[in-house]
Amino acid sequence: NPLVIYKFRNQYAVSEAQARDIFTETKKWLWFCARLERQQRTLPNGLRMRAPVIHVNKVIIDEMWHVFILFMRDYQRFCEEYLGGILYHSPGSPLYEEMDEDETRAQLECISEELGDETLRKWYVEYGETYSPANLLALLKPPVFGRPPEAL
């Protein structure tokens, strides 16, 4: 979806190739969440974007998910066609309990089992380093509406 890529690049100083890669990984995350839901498989406290116990982070996928949701019709079509129905987003909250080591391990094992070690490494190592909270803040552009990212 070129509009999702365009909007994301208006928010973050990433190349088109990087944005496309992040979008692909976001769709994999959505598929993974929907698959677990269809299997009625649960993890303690559900799936989480962050696993602070082992200092890993895939917040960039959540950021792309936020952008995708803005294109509601496209998002809805994608969910219905590939996921079997709309996948709702639940934002984090200080009321949620932090994942402990066992919960983190269970989530990582489940991702590895369903999507493979390459995806696990990409989300938690490559993305964790490349798009760490500090790096993500550095990539964040000031709000600009309607201008292409290259014009900034």
Side-chain angles (χ1 to χ4, degrees), residues 1 3-5 7-141 143:
N1 188 318
L3 294 174
V4 173
I5 300 301
K7 177 74 172 169
F8 188 81
R9 292 188 66 220
N10 269 325
Q11 293 179 6
Y12 292 96
V14 297
S15 70
E16 184 167 339
Q18 288 172 305
R20 287 182 183 282
D21 180 64
I22 295 163
F23 192 38
T24 297
E25 297 304 314
T26 300
K27 291 181 282 186
K28 283 169 62 174
W29 169 257
L30 298 174
W31 176 88
F32 174 67
C33 293
R35 179 168 170 82
L36 293 186
E37 192 173 287
R38 280 193 313 273
Q39 293 176 341
Q40 297 180 338
R41 185 172 173 186
T42 58
L43 295 172
N45 293 316
L47 290 168
R48 303 282 179 89
M49 286 287 179
R50 300 191 71 179
V53 171
I54 57 173
H55 308 291
V56 293
N57 176 335
K58 58 185 181 308
V59 175
I60 194 73
I61 290 174
D62 191 49
E63 291 299 311
M64 181 63 84
W65 189 2
H66 294 173
V67 172
F68 193 14
I69 289 171
L70 293 174
F71 296 89
M72 192 58 186
R73 285 190 176 100
D74 294 336
Y75 178 72
Q76 183 177 0
R77 262 186 250 128
F78 170 83
C79 288
E80 288 170 358
E81 185 172 342
Y82 296 102
L83 309 179
I86 195 86
L87 187 65
Y88 295 98
H89 184 288
S90 297
S93 165
L95 301 177
Y96 289 144
E97 293 180 24
E98 294 273 337
M99 288 174 71
D100 65 26
E101 195 169 338
D102 291 335
E103 291 171 321
T104 300
R105 188 171 289 109
Q107 179 166 313
L108 298 178
E109 287 172 1
C110 189
I111 292 167
S112 177
E113 178 184 307
E114 293 290 333
L115 293 167
D117 289 339
E118 186 177 318
T119 295
L120 185 66
R121 277 190 296 279
K122 184 170 203 163
W123 289 358
Y124 289 96
V125 178
E126 181 184 326
Y127 280 10
E129 292 170 3
T130 305
Y131 305 111
S132 68
N135 291 345
L136 203 54
L137 281 174
L139 292 171
L140 188 61
K141 293 180 177 181

Partners meeting side-chain contact (heavy atoms from CB on, under 4.5 Å) with Glu25 (sequence neighbours left out):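 Expected list: Asp21, Lys28, Ile61, Thr119, Lys122, Trp123, Tyr127.
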
Who pairs with Tyr82 by side-chain contact (heavy atoms from CB on, under 4.5 Å), at least two apart in sequence or on another chain?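 By the side-chain contact (heavy atoms from CB on, under 4.5 Å) rule, Tyr82 matches Phe78.
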
Using 0.5 Å steps for rounding, measure from the [atom1] atom of [X] to the [atom2] atom of [Y].
X      : Y      : atom1 : atom2 : value
Ile111 : Glu109 : CD1   : CD    : 11.0 Å
Leu140 : Tyr12  : CG    : OH    : 5.0 Å
Leu36  : Gln107 : CG    : CD    : 9.0 Å
Arg35  : Leu115 : CZ    : CG    : 9.0 Å

Can you find a heavy atom in the side chain of [X] that is under 4.5 Å from one in the side chain of [Y]?
X      : Y      : value
Phe8   : Phe23  : no
Val59  : Leu136 : yes
Glu63  : Val67  : no
Thr24  : Met64  : no
Leu139 : Tyr131 : yes
Glu129 : Asn135 : no

Over all atoms of both residues, closest heavy-atom pair of [X] and [Y]:
X     : Y     : result
Asn1  : Leu3  : OD1-N, 3.0 Å
Cys79 : Leu87 : SG-N, 3.6 Å
Trp65 : Leu30 : CE2-CD2, 3.3 Å

Donor-acceptor contact below 3.5 Å, side chain Arg9 vs main chain Val14: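 Pair found, side chain donor or acceptor close to backbone of Val14.
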
Name all residues meeting the side-chain hydrogen bond (donor to acceptor under 3.5 Å, both in side chains) criterion together with Asp117; count only those two or more places apart in sequence or in a different chain, and write none if there are none.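 With sequence neighbours excluded, Asp117 shows a side-chain hydrogen bond (donor to acceptor under 3.5 Å, both in side chains) to Ser112, given in chain and number order.
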
